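Here the structure comes first, spelled out in structure tokens, and everything after it is commentary.
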Protein chains: 2
Amino acid sequence: MTEPPRQGGCRAIAANKWMMLIMYDLGAGPRRFTELRRGIDGISQRVLTAALRGMERDGLLTRTVHHVMPPHVSYELTPLGRGMLDAAQPLLAWSSGELPRIEAARADYDARAQ
Amino acid sequence: MTEPPRQGGCRAIAANKWMMLIMYDLGAGPRRFTELRRGIDGISQRVLTAALRGMERDGLLTRTVHHVMPPHVSYELTPLGRGMLDAAQPLLAWSSGELPRIEAARADYDARAQ
DNA sequence: CGGAATCCCGCGAGATACTG
DNA sequence: CAGTATCTCGCGGGATTCCG
């Protein structure tokens with residue numbers, strides 16, 4: 001066979017549009033819910049909760065509740081999540097470097113079509 | 001600054017959940033609309049059209065219309081799109097290899113929560 | 001063949017209020 | 001603080017039909 005779990009793999013990495021941003025933030029170390037919320041521009045509480053649940057379900061991060069007052073929940077990449085982040089580094093670097101070119105292409109396209 | 005276009009970059013690569021699959025298919029060479037549609041499981045005509053438009057707008061692929069009968073439209077990666085696919089290779093390889101682990105984590109999570 | 005146009009439904013996601 | 005719960009609305013996206 002050529003590349004059997006290709007579609008599944010592609011779907012897994014594109015499952016959630018916030019996943020990459022969350023992984024990036026968690027790459028620097030554990031984060032609390034509110035830290036993630038503040039660090040990710042435009043995400044709502046509800047959607048962040050859902051994204052974190054999905055990633056926890058996929059085994060990419062752990063969710064640890066500290067029963068103190070006030071409550072404290074911290075999220076941290078698992079080895080699996082760390083591996084995915086490592087594998088994504090070239091793409092993240094590319095997207096940072098080439099973003100201006102993409103934005104230029106968009107402006108060009110929009111101008112052409114008015 | 002540390003990494004300024006990070007959010008923009010992450011959004012650009014997660015903009016469309018079909019993008020990676022389309023890019024993967026186009027990596028092997030130009031494709032016609034119907035070939036892409038058949039090759040991508042579960043995508044509808046409307047959604048494929050929209051995804052291709054978005055990628056064309058981002059400068060990742062070109063759309064070439066051949067005015068013959070019957071009509072013929074072919075899509076092909078630009079150098080920019082090719083660069084993105086190259087940068088995505090480690091992540092694609094990772095997702096293919098680790099997909100079983102992700103699926104196992106999901107099954108485990110679902111079993112635990114019933 | 002490769003769309004565009006139209007209709008329409010359901011889920012994604014914002015806002016707000018409430019809890020352990 | 002870190003969620004759940006509820007209500008609401010918009011638009012993402014399926015099905016179908018028409019066109020060059």
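Note on naming: letters A, B, ... go to the chains in the order of the sequence lines (proteins, then strands), and numbering restarts at 1 for each one. Just so you know, these numbers come straight off a predicted model, no measurement behind them.
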Salt-bridge contact D108(B)-R57(A) (side-chain N to carboxylate O under 4.0 Å): no

At what distance, to the nearest 0.5 angstrom, does OG1 of T49(B) lie from CZ of R63(B)? 8.5 Å

Test salt bridge (charged side-chain N to carboxylate O under 4.0 Å, His left out) applied to D25(A) and R6(B), step by step: CA-CA 10 Å; D25(A) 273 26; R6(B) 177 187 111 237; 2.9 Å; yes

Evaluate the ring planes of H72(B) and H66(B), with Trp represented by its six-membered ring, and classify them as parallel (under 30°), tilted (30 to 60°) or perpendicular (over 60°). perpendicular

In this structure, CG of D58(B) is separated from CD of E103(A) (nearest 0.5 Å) by 9.5 Å

Side-chain donor or acceptor of S74(B) paired with backbone N/O of R31(B) under 3.5 Å: no

Protein-nucleotide distance (I40(B), atom CD1; dG14(D), atom P), rounded to Å: 13 Å

L77(B) vs T62(B) side-chain heavy atoms within contact, under 4.5 Å: no

With H67(A), which residues qualify under ring pair (Phe, Tyr, Trp, His ring centres under 6.0 Å), at least two apart? none

Take nucleotides 13-20 of chain C nucleotide by nucleotide from the 5' end and write B, S or -, depending on whether a protein heavy atom sits under 4.0 Å from the base, only from the sugar-phosphate, or from neither. BBB----B

Within residues 49-63 of chain A, the residues having a heavy atom closer than 4.0 Å to DNA chain C are none

From CG of L48(A) across to P of dG12(C) the rounded distance in Å is 17 Å

What contact category does R37(B) fall into here, base, sugar-phosphate, or nothing, at under 4.0 angstrom with non-hydrogen atoms? nothing

